[in-house]
Amino acid sequence: MATASHRQSVISRALDYLRDLARRREFALALGTGNLKARNANTGLGILWWVLNPLLLGAVYYLVFGVIFPGRRPDNFLVYLLSGMFVFHFTSQSMTGGANSIISNAKLLANLRFPRLILPISALIEAASGFLVSLGLLVSIAVITGQASITHRILYLPVVIGVHLLFNLGLGAMTARLAVPFRDINNLIPYINRIWLYLSPIIWPLSFLDDAEPWVRTAIRLNPMYDFIGLYRSALLGSPIIADHVIGAVAAALVVGFLGIGLFVKYEGHMVRYL
Amino acid sequence: MVDRVSVRYRPYVDRKPTLRRSLASLRSRATTEVVALDDVSFRVEKGEAFGIVGRNGAGKSTLLRVMARTLRPNEGRVVVNGRASTLLQLGVGFNPELSGRRNVYLGGLASGLRRAEIDQVFDDVVEFAGLGEAIDRPVKTYSSGMFSRLAFSVSMHLDPDIILLDEVLAVGDAEFRKKGIQTMRQLLERSGTIVFVSHALPQVVDFCSRAMWLDAGRVRLIGPSADVVEAYQGSLR
C-alpha cells in the first residue's frame, strides 16, 4: 500500500516535471539556437564548421586508412566512414555539450528557477541541428559518388533519430550531472571519446570482427554505437536491417536515457551549491 | 494573491567537492561547513517593500537565492505566492554575442515568459531602455550602461508580482536610476512586493517600509526600516 502510493507520487512528480519542461520549450529552443549562432558568430564559415569538423576528421582517416594503408576496405569506404563519423560525432557532441551546459550557464542557474533539464536539452538541440545538416551532406555524397542508393528504408530514419536522441539526452544529462561536482570530467571526456571511436565500426570494416579476438568482439558488440551506426547505415545507405541492432539500440536508449535523466533530475536542486 | 510567508531554513553552502576532496572526505567525514544562513525566519506582506541590510558575507545574496528558490535550503522552507521575478544579477540569460533583440527574447523566455507575451511588450522594452537602433547590434558592443539599461528594462517588463533585487540599482546613470525607482513605485502601487538588498542605506530608508538586518547568517533585527538602518549604522561605527 505504502509502496503503491510512493510509486504514484513518483509518477505524478515526473508528469509535473514534464509539464514544466513542455511549458518552457520555447526557452530551450531559443537557448539552443542562440548558442549555435553565438558560437559561430566569429568564424567566417559559421555554422558550417559543425559539419566540417567530422567531415575533415573523416577525410584524415580516409587518407590514412583508405589511401596510405589501403588494406581490406569495403568498396564504399568513403560513405561507410563518413556515416559512422557523423553519427559518432553527434553522440560525442551531446556528451561534451551536456557536460558544459550546466557550468557555462552558472549564472542562469543561480538566478532563475526552471527545470534544469532545459540546459542539456538545449545542448542537444544545438548538436542535433548540425547533425541533420551533416546527414543531408552524407546522402548527397552517397548519391553523387554512387556508393549507396536511397531505398525505402530511409523512411525508418526519423525513428532511428528519435531513439538516438533519447540515448544522447541521457548521456548528456549524465555528464552534466557529473561535471557539476567533478569538473575533472571535462578533461577525461576527450580520451573516453577517442577509445569509444576506435571501438565503433567507423575506421575499420565490419569484416574486421570476423578475425578479432573473442573479447574484442564482445566489447564491440556491447557498444551501443555499433547498433546505432548499423541502423543509420541501413536507413541511409540501404544495407539490410539487423534485428540485433534494433534491440541493442532501443535497449541502450531506454537504459541510458532514463537513467541519465533520472540521475540528473534527482540532483538538480543541489547544483547551485557547486557553481 | 500575494501573501508571502518565508519560514525557516538553514542552508549550508559547502565547498566545491573535487574528486580529490571527495576521496579525502571518504576517510574523514568531518568537512568544514560554512553556515550561510542560520535559522532565519521572517514574513513579507503583499504590497510591501522590504529591505535587507548587512555587511558583505552576511548571507544577503544567499537569502535572495533561497527566496528565488534556485537554492534549496538544507532546512526549513520558503512559501511564495505569486510570480516572482528575480533580479539578483542583471542580464541573466543574455548572450553577449547575440543582438539586443535576441537577448530581449532570451532573457524574457529565461524568466518564464512566452514568446507571444514578449512580442507584445518588445517595443516598450526597447523604448524604456532608450536603445533605438542599437537593439540590432550584438550586446558585446554595448557600453556597460546600455547593457544594464536593457537588462533592467527586460526585468521591469516581466510583469511580476514580486521582485527580488540585489544591489542592481547601483548601476546606470542617475537618470536611469530615477526611472528604475519610479517603475518600482508603480509596481508597489499595483500592490506588488519588493525585496531589496542594498548598501545604499538612505535608499532603503526612503523606499522600504520595513527592513531586516542580517549579521553572519542570523537575523539581528527586523522592524521599521529607519530603526533597522540606524541600529545597523550604529554597529558600523
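Proteins get letters first, then strands, A, B, ... in listed order; numbering begins at 1 in each.
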Residues at least two apart in sequence or cross-chain that pass ring-ring contact (aromatic ring centres under 6.0 Å, His included) with B/Phe128, listed by chain then number, are B/His157
What part of B/Arg115 gets closer than 4.5 Å to chain A, counting heavy atoms only: side chain, backbone, both or neither? both
Which side-chain N or O atoms in residues 126-133 of chain A pair as donor and acceptor under 3.5 Å with protein atoms at least two apart or in another chain?
unit_1: A/Glu126; atom_1: OE2; unit_2: A/Arg39; atom_2: NH1; d: 2.9
unit_1: A/Ser129; atom_1: OG; unit_2: A/Ile125; atom_2: O; d: 2.5
unit_1: A/Ser129; atom_1: OG; unit_2: A/Glu126; atom_2: O; d: 3.4

Within residues 93-101 of chain A, which positions have a heavy-atom distance to chain B below 4.5 Å? none
Between B/Phe147 and B/Phe94 (judged by ring centroids, cut-off 6.0 Å), do the two rings come close enough to count as a pair? yes
With a 4.5 Å limit on heavy-atom distance, are the side chains of A/Phe88 and A/Phe228 in contact? no
Using ring centroids (six-membered ring only for Trp), state whether A/Phe114 and A/Phe27 fall under 6.0 Å. yes
Taking salt bridge (Lys or Arg N to Asp or Glu O under 4.0 Å) as the cut-off, I'd like each qualifying pair that reaches into residues 50-60 of chain B, sequence neighbours left out, listed once. none
